[in-house]
Protein chains: 2
Amino acid sequence: MPDTPTRKRETRIQRRNSDAILEAALDIFSKRGFRGATLDEIAEAAGLSKPNLLYYFDSKEAIHTELLDSLMDTWLDPLRDLDPDGDPKAQLLQYLRRKLEMSRDLPRESRLFANEILQGAPRIGAGLSGDLKSLVDAKAQVIRGWSDAGKIAPVDPYHLIISIWALTQHYADFEVQVRAVLGGVDPYEGAEAFLEGLYEKLLSL
Amino acid sequence: MPDTPTRKRETRIQRRNSDAILEAALDIFSKRGFRGATLDEIAEAAGLSKPNLLYYFDSKEAIHTELLDSLMDTWLDPLRDLDPDGDPKAQLLQYLRRKLEMSRDLPRESRLFANEILQGAPRIGAGLSGDLKSLVDAKAQVIRGWSDAGKIAPVDPYHLIISIWALTQHYADFEVQVRAVLGGVDPYEGAEAFLEGLYEKLLSL
DNA sequence: GTCTATACCTCGATAGAC
DNA sequence: GTCTATCGAGGTATAGAC
């Protein structure tokens, strides 16, 4: 029963504490960035002592890495689920919708990634040109196929995907600015209507 | 001849050093965030000693604030220039184009703001709900007028403006990811074509 | 497994010679 | 104005009792 490299073996109690640490770390790292976060803050949020944190994880870095790695999959699921055999426009609009839901429901995760990418992706750089690029390449081919077959309007599939990232993640990553500009209005209601209309028009022949 | 609060009086040599410091600080702050940047790094990049930095600015914070404040105006210029009396679609497409140019030509400035907003805008929060909101409100009225007059398609003006921010700034803020996904291709050429087509379609009646 | 105490380092800022 | 030297706060990580 081998241990994972960054995490210790798991009993019930250890599992519970590990989870509490990761939950707290997500909170703090997403709010302050890697360097801005302190183990004190994370420990307090997790309800543990600082040395106890380091009993469960080898280092601050290890907590951060574990978070990024375990969230990467979740993050790419919506794109992975884009079905080549489904209805093109419906598939793309569903991708848009799921990404927007993720911004609304998982803003901390979005900001965790944003912090990492913004600073040059020092810890997940490899994953970007590896797994991510492969996945995007594959799905771009699917979209190009749809364009060529005349099922959606002709469009650059890479910039289409990037635009969906940009537009949806913006509502989580720049939330304070969006809320400041919108006043008291809920950002996501307007966003959903606006974005669906936008892509509806873009993809229509 | 009163001094500004954060900056000392200026002779030629002081001006040159101040500028070198701000230039270096922009480089480092945009790359590492406020907390992640160190005065040592900034001093080295500026070709000065660390105490000498603090001869020109009161503190690390003061350098950062000076940067944000002096860049805020530049940043909002394109929106400020949106002309109520110009051709609606042309005005909006020009706004889009100028914002994309800013991402291409001033990526460090974009990332400086992105870092600040992402972490909850602790240092420019007031500016967001003040100056920024006022400006956006005013321009949103202009756009709504265009919609109502049937000069462009009906569209939520706030989310329209937000979408332009999101789409253009993404190419600067998430540059490593964009480049990883696109391989060797220049992001901005494809982006310009894609985005102009997108808004052309959106705004057309 | 969890704590207190602490070692050790990095960083922002200051002192003081030149 | 600019430097070397250094202080003191705050940070990660470890030692060691329980």
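Each chain gets a letter, A, B and so on, in the order the sequences are listed, and its residues count up from 1.
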**Q** Look at the side chain of Thr38(B) and decide which nucleotide, out of dC3(C), dT2(D), dC11(C), has an atom nearest to it.
**A** dC11(C)
**Q** Quick one: list whatever passes side-chain contact (heavy atoms from CB on, under 4.5 Å) with Leu106(A), sequence neighbours left out.
**A** Trp75(A), Met102(A), Glu109(A)
**Q** Any luck finding a side-chain donor-acceptor pair between Asn17(B) and Tyr55(B) under 3.5 Å?
**A** no
**Q** Give the rounded distance in Å between these two atoms: CD of Glu41(A) and C1' of dT12(D).
**A** 14 Å
**Q** What integer distance in Å separates Leu48(A):CG from dG1(C):P?
**A** 13 Å
**Q** Pick the nucleotide of DNA chain C nearest each of Asn52(A) and Arg35(A); which residue has the one closer to the 5' end?
**A** Asn52(A)
**Q** Would you mind writing out the side-chain donor-acceptor pairs for residues 183-191 of chain A within the sub-3.5 Å range, not counting sequence neighbours?
**A**
| residue | atom | partner | partner atom | Å |
| --- | --- | --- | --- | --- |
| Asp186(A) | OD2 | Glu189(A) | N | 3.2 |
| Tyr188(A) | OH | Ser103(A) | O | 3.2 |
| Tyr188(A) | OH | Tyr171(A) | O | 3.4 |

**Q** Under the rule for side-chain contact (heavy atoms from CB on, under 4.5 Å), what residues qualify as partners of Gln91(A), not counting sequence neighbours?
**A** Leu82(A), Asp83(A), Gln94(A), Trp146(A)
**Q** When you check every protein heavy atom under 4.0 Å of nucleotides 13-18 of chain D, what one-letter string (B, S, -) results, 5' to 3'?
**A** BB----
**Q** Is there a donor-acceptor contact under 3.5 Å linking the side chains of Gln169(A) and Lys99(A)?
**A** yes
**Q** How close or far is atom P of dG12(C) from atom NE2 of His64(B), stated in whole angstroms?
**A** 13 Å
**Q** Whole angstroms only, please: what is the CZ-C1' distance between Phe29(B) and dC11(C)?
**A** 13 Å
**Q** Asp87(B): which residues meet the salt bridge (charged side-chain N to carboxylate O under 4.0 Å, His left out) condition with it, sequence neighbours left out?
**A** none
**Q** Whole-Å distance between dC11(C) C1' and Glu44(B) CD?
**A** 15 Å
**Q** Specify the separation, in whole Å, of atom CD1 of Ile42(A) and atom P of dG11(D).
**A** 12 Å
**Q** For a quick test of reading the model: is some side-chain N or O of Tyr55(A) closer than 4.0 Å to OP1 or OP2 of dC3(C)?
**A** no
**Q** Could you tell me which residues satisfy salt bridge (charged side-chain N to carboxylate O under 4.0 Å, His left out) with Lys60(A), sequence neighbours excluded, listed by chain and number?
**A** none
**Q** Which pairs count as salt bridge (Lys or Arg N to Asp or Glu O under 4.0 Å) when at least one residue sits in residues 166-176 of chain B, sequence neighbours excluded?
**A** Arg111(B)-Glu175(B), Glu175(B)-Arg179(B)
**Q** So for the helix from dG1(C)-dC18(D) to dC18(C)-dG1(D), with five pairs setting each end axis, what is the inter-axis angle to 10°?
**A** 10°
**Q** Name all residues meeting the side-chain contact (heavy atoms from CB on, under 4.5 Å) criterion together with Glu200(B); count only those two or more places apart in sequence or in a different chain, and write none if there are none.
**A** Lys89(B), Leu93(B), Ser204(B)
**Q** Using a heavy-atom cut-off of under 4.0 Å over every strand shown, decide if Ala43(A) touches base, sugar-phosphate, or nothing.
**A** nothing
**Q** Nearest whole angstrom, please: distance from the P of dC3(D) to the CG of Asp40(B).
**A** 13 Å
**Q** Rounded to whole Å, how long is the line connecting atom CD1 of Ile63(A) with atom P of dT12(D)?
**A** 10 Å
**Q** When you check the phosphate oxygens OP1 and OP2 of dT2(D), does a side-chain N or O of Ser49(B) lie under 4.0 Å from one of them?
**A** no
